[in-house]
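Owing to the predicted nature of the structure, the values given are computational and were not obtained by experimental measurement. Positions are given from 1, in the same order as the sequence printed here.
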Amino acid sequence: MTVALVTGGAGGIGTAINERLVEAGYTVLAGDLTDAPAEGGVHRARVDVTDATSVDEFVAAGARLGQIGAVVNCAGVVRFTPLTGYDEADASMLWEINVAGSARVCRAAAAHIVDGGAIVNIGSLTGSFGRLEGASLYGATKAGVEAYTRYVACELAPRGIRVNAVAPGFIAVPMSPSMRAVSGGEEEVLKQVPLGRLGETTEVAEVVEFLLSDRASYVTGTTIWVDGGVLAR
């Protein structure tokens with residue numbers, strides 16, 4: 001029984017990833033700030049990625065379900081942080097959840113994940129795209145996720161563990177107030193997408209599942225953008 005750990009498992013993209021991994025045959029332990037009963041083959045647990053003890057307990061719970069073969073770091077937050085003035089607490093939260101949170105999960109999981117397993121960190125097109133007002137610190141943390149992915153991929157390569165990132169573009173999930181502030185809303189977003197539509201959460205989940213699978217056996221240390229062509233312009 002191969003276990004997949006998914007943080008941010010209660011969000012829109014996280015939920016789609018959970019469902020896709022169950023379809024692919026994984027036992028999924030989805031972690032978020034609130035737990036819920038198991039449903040549809042997905043086990044649930046509470047995890048706060050800013051707390052090392054909470055992360056350790058989450059990973060240990062996954063290990064009790066079986067061999068951990070896959071980890072997806074999907075926990076993340078967006079905050080509106082314009083250069084002209086932002087809340088220091090928001091800046092700290094962006095770092096603690098988006099970058100340090102992923103690092104805590106990888107550190108804890110490294111002791112349990114089987115050799116030959118795989119990790120996927122969820123980035124964002126904002127890590128490579130500088131034209132969203134007030135998203136500079138969010139984008140910087142997502143660029144950090146990509147850099148962290150490359151380093152960990154090299155560190156874990158001797159064990160055959162592959163580490164990659166998936167960077168979603170504008171995805172059809174309810175916009176948080178912060179995302180609406182940085183993006184200008186759905187109409188403004190669509191003007192920037194060559195394919196002319198928002199992405200679906202299932203389209204992100206498909207790429208995540210691919211990177212976790214043996215079909216991506218020679219892919220590590222890279223980022224795949226799922227952005228409808230935004231970065232091609």
Check: Looking only at side chains, do Thr34 and Asp32 share a donor and an acceptor under 3.5 Å apart?
Finding: no

Do [X] and [Y] sit in one hydrophobic cluster, given that two such residues count as connected whenever their side-chain heavy atoms are within less than 4.5 Å of each other, even indirectly?
X      : Y      : value
Trp225 : Ile13  : no
Ile17  : Ile68  : no
Tyr138 : Ile97  : yes
Val152 : Leu212 : no
Phe210 : Val28  : yes

For [X] and [Y], which heavy atoms make the closest approach, and how far apart are they?
X      : Y      : answer
Ala30  : Val42  : CB-CG1, 3.7 Å
Gly127 : Ala143 : O-CB, 3.6 Å
Pro194 : Gly228 : CD-O, 3.4 Å
Tyr148 : Asn121 : CD2-ND2, 4.3 Å
Ser136 : Thr81  : OG-O, 3.6 Å

Next item on the list: Kindly indicate, with the supporting measurements, whether the criterion side-chain contact (heavy atoms from CB on, under 4.5 Å) is fulfilled by Ile122 and Asn73.
Entry: CA-CA 6 Å; Ile122 302 300; Asn73 282 301; 6.0 Å; no

Roughly how far, to the nearest 0.5 Å, is the [atom2] atom of [Y] from the [atom1] atom of [X]?
X      : Y      : atom1 : atom2 : result
His43  : Asn18  : NE2   : CG    : 11.5 Å
Glu146 : Ser124 : CD    : OG    : 8.5 Å
Leu125 : Arg131 : CG    : CZ    : 10.0 Å
Leu156 : Cys106 : CG    : SG    : 7.5 Å
Trp95  : Thr141 : CH2   : OG1   : 8.5 Å
Asn98  : Lys142 : CG    : NZ    : 4.5 Å

Next item on the list: Provide the full list of salt bridge (charged side-chain N to carboxylate O under 4.0 Å, His left out) pairs with a residue in residues 63-74, sequence neighbours left out, each pair given once.
Entry: none

Note to self: Quick test of your reading: applying salt bridge (charged side-chain N to carboxylate O under 4.0 Å, His left out), list the pairs with at least one residue in residues 204-221, sequence neighbours left out, ordered by first then second residue.
What the structure shows: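 Salt bridge (charged side-chain N to carboxylate O under 4.0 Å, His left out) check on residues 204-221 returns Arg20-Glu206, Arg20-Glu209, Glu209-Arg215.
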
Item checked: Pairwise side-chain hydrogen bond (donor to acceptor under 3.5 Å, both in side chains) hits with a residue in residues 166-187, at least two apart -> none

Check: Donor-acceptor pair, Gln192 side chain versus Val189 backbone, under 3.5 Å?
Finding: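 No; judged by distance alone, with no hydrogens or angles, the pair does not exist.
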
Please output the side-chain donor-acceptor pairs of residues 158-173 that fall under 3.5 Å, not counting sequence neighbours, one pair per line with the distance.
| from | atom 1 | to | atom 2 | distance (Å) |
| --- | --- | --- | --- | --- |
| Arg159 | NE | Asp115 | OD1 | 2.8 |
| Arg159 | NH1 | Ala110 | O | 2.8 |
| Arg159 | NH2 | Ala110 | O | 3.4 |
| Arg159 | NH2 | Ile113 | O | 2.7 |
| Arg159 | NH2 | Asp115 | OD1 | 3.2 |
| Arg162 | NE | Ala216 | O | 3.4 |
| Arg162 | NH1 | Leu211 | O | 2.8 |
| Arg162 | NH1 | Ala216 | O | 2.9 |
| Arg162 | NH1 | Val219 | O | 3.4 |
| Arg162 | NH2 | Leu211 | O | 3.1 |
| Arg162 | NH2 | Ser213 | O | 3.0 |
| Asn164 | OD1 | Gly221 | N | 3.1 |
| Asn164 | OD1 | Thr222 | N | 3.1 |
| Asn164 | ND2 | Val219 | O | 2.9 |

Checklist line | More than 12 heavy atoms of other groups within 6.0 Å of Glu23 CD | finding: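 Yes - once you tally the heavy atoms of other residues, nucleotides and ligands closer than 6.0 Å, there are more than 12.
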
Item checked: Worked verdict on Ser54 versus Asp48 for side-chain hydrogen bond (donor to acceptor under 3.5 Å, both in side chains) -> CA-CA 6 Å; Ser54 178; Asp48 178 355; 5.9 Å; no

Side-chain donor-acceptor pairs under 3.5 Å in residues 83-94, sequence neighbours left out?
| from | atom 1 | to | atom 2 | distance (Å) |
| --- | --- | --- | --- | --- |
| Asp87 | OD1 | Ala89 | N | 2.7 |
| Ser92 | OG | Glu88 | O | 3.2 |

Note to self: Tell me every residue that passes salt bridge (Lys or Arg N to Asp or Glu O under 4.0 Å) with Asp51, counting only those two or more places apart in sequence or in another chain.
What the structure shows: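 For Asp51 there are no salt bridge (Lys or Arg N to Asp or Glu O under 4.0 Å) partners, ignoring immediate neighbours.
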
Notebook entry, point to check: Looking at Val6, Thr27, Val3, which hits side chain to side chain contact (heavy atoms under 4.5 Å, CB included) with Leu21?
Noted result: Val6

Check: How far apart are the C-alpha atoms of Glu96 and Arg104, what are their side-chain angles, what is the distance that settles it, and do they pass the side-chain contact (heavy atoms from CB on, under 4.5 Å) test?
Finding: CA-CA 10 Å; Glu96 283 298 319; Arg104 291 184 188 98; 2.5 Å; yes

Note to self: Set out, in order, the CA-CA distance, both residues' side-chain angles and the distance that settles side-chain contact (heavy atoms from CB on, under 4.5 Å) for Phe129 and Leu231, then state yes or no.
What the structure shows: CA-CA 7 Å; Phe129 180 79; Leu231 294 180; 3.9 Å; yes

Next item on the list: With side-chain contact (heavy atoms from CB on, under 4.5 Å) as the test, would you mind laying out the steps for Val105 and Val49 before giving the verdict?
Entry: CA-CA 7 Å; Val105 174; Val49 298; 4.1 Å; yes

